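Data first, discussion second: the structure below is written as structure tokens.
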There are 2 protein chains.
Amino acid sequence: MPETTGLFFSLFNEIGIIEQLARAQLEARLPEGLITPHFTVLNHLVRVQDGRTPLDLARAFQVPKTSMTHTLAGLEALGLVEMRPNPEDKRSKQVWLTEAGRSLREGTIAALVPQFADLAREFPAERVAAMLPALIELRQIMDARRGRKG
Amino acid sequence: MPETTGLFFSLFNEIGIIEQLARAQLEARLPEGLITPHFTVLNHLVRVQDGRTPLDLARAFQVPKTSMTHTLAGLEALGLVEMRPNPEDKRSKQVWLTEAGRSLREGTIAALVPQFADLAREFPAERVAAMLPALIELRQIMDARRGRKG
DNA sequence: CAAATTTGGTACGATATCGCACTATATAGT
DNA sequence: ACTATATAGTGCGATATCGTACCAAATTTG
């Protein structure tokens with residue numbers, strides 16, 4: 001196994017573990033029945049403005065549209081988003097946050113603040129800031145390659 | 001949202017996206033019916049020696065033991081691992097790699113080598129090496145905290 | 001503008017994840 | 001030793017993910 005391969009292999013291995021641990025921490029703070037994708041969608045809608053179509057969201061998270069249909073159905077059933085017809089395209093819908101959706105997202109973030117503060121005592125925020133640019137760049141590169149061949 | 005929170009939030013967001021992209025690349029190289037957890041188990045068994053019990057593996061990957069039962073059943077059905085009784089504990093089993101299992105793992109890694117080499121043209125292995133120690137340390141810290149409160 | 005193609009969304013079925021409950025064995029407590 | 005508790009694994013049911021097939025509306029094309 002070439003050196004380069006081993007390095008990337010280790011990198012993705014570590015990233016996979018961290019992802020799993022982070023997900024577990026988030027889900028521990030979410031109410032029963034909500035999982036990471038639900039929160040992620042709420043968060044995305046706050047950040048980029050709600051009113052997106054389901055397909056927009058599926059693309060943003062790179063999941064099949066059928067998966068997004070399912071996730072949105074869950075959010076709607078809990079009254080966290082509202083699905084409205086898209087006035088610009090009768091095939092389509094728009095996803096709007098409800099007050100409950102916004103406040104659930106706020107509350108979850110608030111619950112994470114002490115978590116992160118605690119973690120920062122062992123792994124300082126400065127170190128996070130230091131590693132972020134490389135991660136962002138790697139993500140962008142991998143994302144751009146995604147379309148191309150394989 | 002405090003600065004620290006925002007930084008960790010961004011960090012885990014990037015990590016989540018990279019994990020998803022890496023997983024997609026791996027699964028594109030796996031034969032029909034095999035997914036990331038299958039490969040991960042094969043790989044783990046090579047690295048730490050096979051003969052582990054299902055529970056060892058569940059702990060190593062921090063998944064519920066029922067999930068591991070399912071993953072192992074899939075690997076066994078495809079002849080990639082062999083389940084034997086554990087001579088030291090009649091409740092328990094041991095998971096052994098078959099030749100097919102070893103060679104599938106080898107072949108998959110071989111298929112990833114050019115992928116990574118290609119990626120390294122845009123994101124050099126040195127940069128991976130540079131970011132690895134911090135990721136490993138973060139993973140260790142988060143892992144250690146897992147048991148404690150929450 | 002009619003026909004062909006593309007696009008947004010859902011229904012449905014296959015497989016995955018995981019909690020709960022259960023069996024069989026192992027270990028601890030007295 | 002005898003009972004109580006803990007541990008290894010699985011069966012089952014609930015929910016998640018995702019591919020295929022499908023419908024309805026939009027767009028393209030001739």
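Below, chains carry the letters A, B, ... as their sequence lines are ordered, and counting in each starts from 1. Note that the structure is predicted; figures quoted are calculated from it, not measured.
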Please check if the side chain of Thr98(B) supplies one atom and the backbone of Leu80(B) the other of a donor-acceptor pair under 3.5 Å. yes
Can you tell me how far P of dT17(C) sits from CD1 of Ile35(A), to the nearest Å? 13 Å
DNA chain D: Pro64(A) or Lys90(A), which has the more 5' nearest nucleotide? Pro64(A)
Please confirm whether any donor atom in the side chain of Lys65(A) sits under 3.5 Å from an acceptor in the base of dG9(C), or the reverse. yes
Would you sort out whether Glu82(A) and Arg84(A) count as a salt bridge (Lys or Arg N to Asp or Glu O under 4.0 Å), showing the intermediate values? CA-CA 6 Å; Glu82(A) 196 182 337; Arg84(A) 301 188 203 152; 3.7 Å; yes
Can you tell me how far apart CG (Leu72(A)) and NE2 (His38(A)) are? Round to the nearest 0.5 Å. 8.5 Å
The residue among Gln20(B), Glu19(B), Gln25(B) that forms side-chain hydrogen bond (donor to acceptor under 3.5 Å, both in side chains) with Arg23(B) is Glu19(B)
Name the orientation class of the two ring planes belonging to Phe8(B) and Phe116(A) (parallel below 30°, tilted from 30 to 60°, perpendicular beyond 60°). parallel
Under 4.0 Å from a heavy atom of chain A: give me the 5'-most and 3'-most nucleotides of DNA chain D that qualify. dA16(D) to dA26(D)
In whole angstrom, what separates Glu88(A)'s CD from dG9(C)'s P? 13 Å
Length of the line joining His70(B):NE2 and dC18(C):P, which is rounded to integer Å: 11 Å
Closer than 4.0 angstrom, basic N to acidic O: yes or no for Arg102(A) and Asp50(A)? yes
Base, sugar-phosphate, or nothing for Ser67(B), non-hydrogen atoms under 4.0 angstrom? base
Using only side-chain N and O atoms of Thr66(A), determine if any of them is under 4.0 Å from OP1 or OP2 of dT10(C). no
Contact class for Asp89(B) (heavy atom, under 4.0 Å): base, sugar-phosphate, or nothing? sugar-phosphate
Figure out the CZ/P separation between Arg59(A) and dG8(C), and round it to whole Å. 5 Å
Could you state the atom-to-atom distance from CZ of Arg23(B) to C1' of dT17(C) in whole Å? 11 Å
